[in-house]
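Heads up, the thing below is written out as structure tokens.
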Amino acid sequence: MGVALVRVWRIKGLFRQADRRYRGAALRLEGVSQLLALPGRRRVRRLRLARAQWLRAVEEDPDRALKALADAVVNGLDVATDEFVEGALARWIRSGRWGRLEQDTYERLREALATTGRSLAVRLTDLYRGEPGLREHRSAREVRDMLMEYHPEHPPMELLMAVGPLGSEADWWCDLGYRAIQDGDLELADRHFTRAHDLGCQHVRKWVVYLALLRVAEVGDRVQVHDALRTARELHPALDHEQLFYLGCRGVLAGVEPDVEAMVRLRVDRPDLRQLWLAQHFLRVGNPVLARARLRSCVRKAKKLTQDRYGYLDRHDDDPDPSDVLRMAKAQLAQQDGRVQDGRESARPDARLLPSVDRFDPGYLHEALPSP
């Protein structure tokens, strides 16, 4: 009897040590493990203390504590009742500090709870629906990001809608498509946008346009660019003047015949780039007179923009610097005159002098929408 009391006293000493530390979850869980190893009735009498310390460990280090909980569920320990599991999940979410779990923790917990008849997604959905205020916790965004990352193809949509801020499945598929774009997976983005469109999202068109422009920017050879341009132009009149202008310049770079008259009529905020890329077209088709006129116009317009940095560059930082455009136009004019400038044998603009496709990024348009 005395030995057992000494053992419990030592275990409680672990808990007191944990209280004095910033994150004492490891000590706390070690004490819980020792309590659960007590024999018979002594163990039963200490279950309440074990659960209380476990919940405190969840607040301090949810990854460590919830991994241990997953193991307890799998091993069928009597401490891991349904009520306790849901209490631990609620403590994790309500603490507001550690929304995101490591993927290994998340998967182990998900697999363990799948054997109980109430999955992790169902339990969390009920938790968020039962306490709407949890959507405002700082952990909510981390939980959303975790679900979107760990389930790129088939996220638990009911849970996402419960976490918010979006209450529409169509809007969620839109945001998931945009996340796929950020991750560089354009095919996955296309599938998500298609699903959003099928579900009636009112905003998906803007993302579809951006995706089409990214595909034009991504492909390399002339045939691929020609096909991508044709696909993007099928979205007209959804494309605005700047987007059409980007497509025209990208086509010239790939050697695709531009619609010169249409490019001239477009209202754009980079007339220097328009003149530069039209000049490249005329150089390619063997019309040096028109090319020279465009290059001289490019020089004038680029000079004007270099003197207006605060009026232009503050708005479109990702676009080419007008001074770089000016140097290129001057180099090509010097080439036409038979002069070599800056030691260059050949002056040809590349993709670095295209208008930036990133300026067309619509962002998470749904973030600001109210949830129903």
Side-chain angles (χ1 to χ4, degrees), residues 145 148-149 151-153 155 166 170-199 201-259 262-263 266-270 273-274 276-277 280-281 313 315-321 324-325 349-368:
D145 287 346
M148 293 161 76
E149 180 178 336
H151 299 277
E153 290 276 4
L166 308 180
D171 290 352
W172 265 117
W173 283 114
C174 243
D175 269 19
L176 289 167
Y178 181 62
R179 184 184 181 91
I181 285 179
Q182 290 186 311
D183 293 340
D185 192 338
L186 301 190
E187 295 306 317
L188 178 59
D190 190 27
R191 293 197 293 276
H192 287 343
F193 289 146
T194 299
R195 189 157 186 181
H197 177 268
D198 293 343
L199 290 169
C201 178
Q202 300 299 309
H203 307 86
V204 71
R205 191 88 172 168
K206 293 182 180 180
W207 277 292
V208 172
V209 167
Y210 181 49
L211 179 61
L213 295 172
L214 283 177
R215 281 180 161 155
V216 173
E218 185 184 66
V219 295
D221 63 63
R222 184 177 182 278
V223 174
Q224 286 179 311
V225 171
H226 189 275
D227 291 343
L229 284 172
R230 186 178 66 248
T231 301
R233 283 171 178 153
E234 287 174 359
L235 296 170
H236 188 72
L239 300 176
D240 62 28
H241 281 225
E242 292 289 354
Q243 291 164 343
L244 289 168
F245 174 55
Y246 171 80
L247 293 179
C249 295
R250 183 68 181 87
V252 170
L253 177 62
V256 177
E257 185 82 13
D259 186 338
M263 280 190 71
L266 293 175
R267 296 185 302 276
V268 298
D269 55 18
R270 285 304 296 268
L273 291 177
R274 169 163 49 200
L276 179 69
W277 286 105
Q280 308 317 302
H281 164 64
L313 289 181
R315 287 183 285 138
H316 299 297
D317 291 338
D318 293 329
D319 275 348
D321 193 304
D324 293 334
V325 178
D350 56 21
R352 288 172 295 182
L353 290 182
L354 287 172
S356 172
V357 71
D358 292 335
R359 63 153 64 187
F360 307 122
D361 184 343
Y364 282 109
L365 295 180
H366 295 298
E367 286 285 346

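Keep in mind it's a predicted model, so treat the numbers as computed, not measured.
Considering CD of Gln243 and NE2 of His236, their distance stands at 11.0 Å, rounded to 0.5 Å. Between His197 atom NE2 and Thr194 atom OG1 the span is 8.5 Å, to the nearest 0.5 Å. Interatomic distance, CG of Asp259 versus NE2 of His281, reported as 10.0 Å (0.5 Å rounding). Taken from CG in Leu199 to CH2 in Trp172, the straight-line distance is 14.5 Å, to the nearest 0.5 Å. From Leu186, atom CG reaches atom CD of Glu218 across 4.5 Å, with rounding to the nearest 0.5 Å. Distance check, rounded to the nearest 0.5 Å: CZ of Phe193 to CZ of Arg205 gives 13.0 Å.
Judged by distance alone, the side chain of His192 and the main-chain N or O of Pro152 form a donor-acceptor pair under 3.5 Å. The backbone N or O of Val216 lies less than 3.5 Å from a partner atom in the side chain of Arg250, making a donor-acceptor pair. Side-chain atoms of Arg270 never come within 3.5 Å of backbone atoms of Asp319 as a donor-acceptor pair (strictly under, hydrogens ignored).
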Run the numbers on Leu211 and Tyr178 for side chain to side chain contact (heavy atoms under 4.5 Å, CB included), then give the verdict. CA-CA 9 Å; Leu211 179 61; Tyr178 181 62; over 6 Å; no

Run the side chain to side chain contact (heavy atoms under 4.5 Å, CB included) check on Asp190 and Arg215 step by step: do they pass? CA-CA 11 Å; Asp190 190 27; Arg215 281 180 161 155; 3.5 Å; yes

Yes or no on side chain to side chain contact (heavy atoms under 4.5 Å, CB included) for Val268 and Met263, after CA distance, side-chain angles and deciding distance? CA-CA 9 Å; Val268 298; Met263 280 190 71; over 6 Å; no

Just do the salt bridge (charged side-chain N to carboxylate O under 4.0 Å, His left out) check on Arg352 and Asp324 with the steps written out, would you? CA-CA 10 Å; Arg352 288 172 295 182; Asp324 293 334; over 6 Å; no

Step by step, would you call Leu273 with Phe245 a side chain to side chain contact (heavy atoms under 4.5 Å, CB included)? CA-CA 10 Å; Leu273 291 177; Phe245 174 55; 3.9 Å; yes

Decide salt bridge (charged side-chain N to carboxylate O under 4.0 Å, His left out) for Asp198 and Arg195; before the verdict, give the C-alpha distance in whole Å, the side-chain angles of both, and the deciding distance to 0.1 Å. CA-CA 5 Å; Asp198 293 343; Arg195 189 157 186 181; over 6 Å; no

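The aromatic rings of Tyr246 and Phe360 sit perpendicular, their planes meeting at an angle over 60°, well past the 30° parallel limit.
Residues meeting the side chain to side chain contact (heavy atoms under 4.5 Å, CB included) test with Asp183, sequence neighbours left out: Arg179. Applying the ring pair (Phe, Tyr, Trp, His ring centres under 6.0 Å) test to His241 and every residue at least two apart in sequence or in another chain returns nothing.
Residues Gln280 and Leu253 form no side-chain contact, since every pair of their non-hydrogen atoms from C-beta on lies 4.5 Å or further apart.
The salt bridge (charged side-chain N to carboxylate O under 4.0 Å, His left out) analysis of residues 234-249, with sequence neighbours excluded, yields the pairs Glu242-Arg359.
Closest of all the heavy-atom pairs between Tyr210 and Val357 is CE1-O, 3.5 Å. Taking both residues in full, the closest heavy atoms of Ala232 and Leu239 are given as O-CD1, 3.4 Å, listed atom of the first, atom of the second, then distance. When all heavy atoms of Ala180 and Ala189 are compared, the closest pair comes out as CB-N, 3.6 Å. The two atoms that bring Leu229 and Gly251 nearest to each other are CD1-CA, 3.6 Å, heavy atoms only. Considering all non-hydrogen atoms of both residues, Leu353 and Trp277 come closest at O-NE1, 3.0 Å. Shown here for Ala170 and Ala196, the closest heavy-atom pair between the two residues is O-CB, 3.4 Å.
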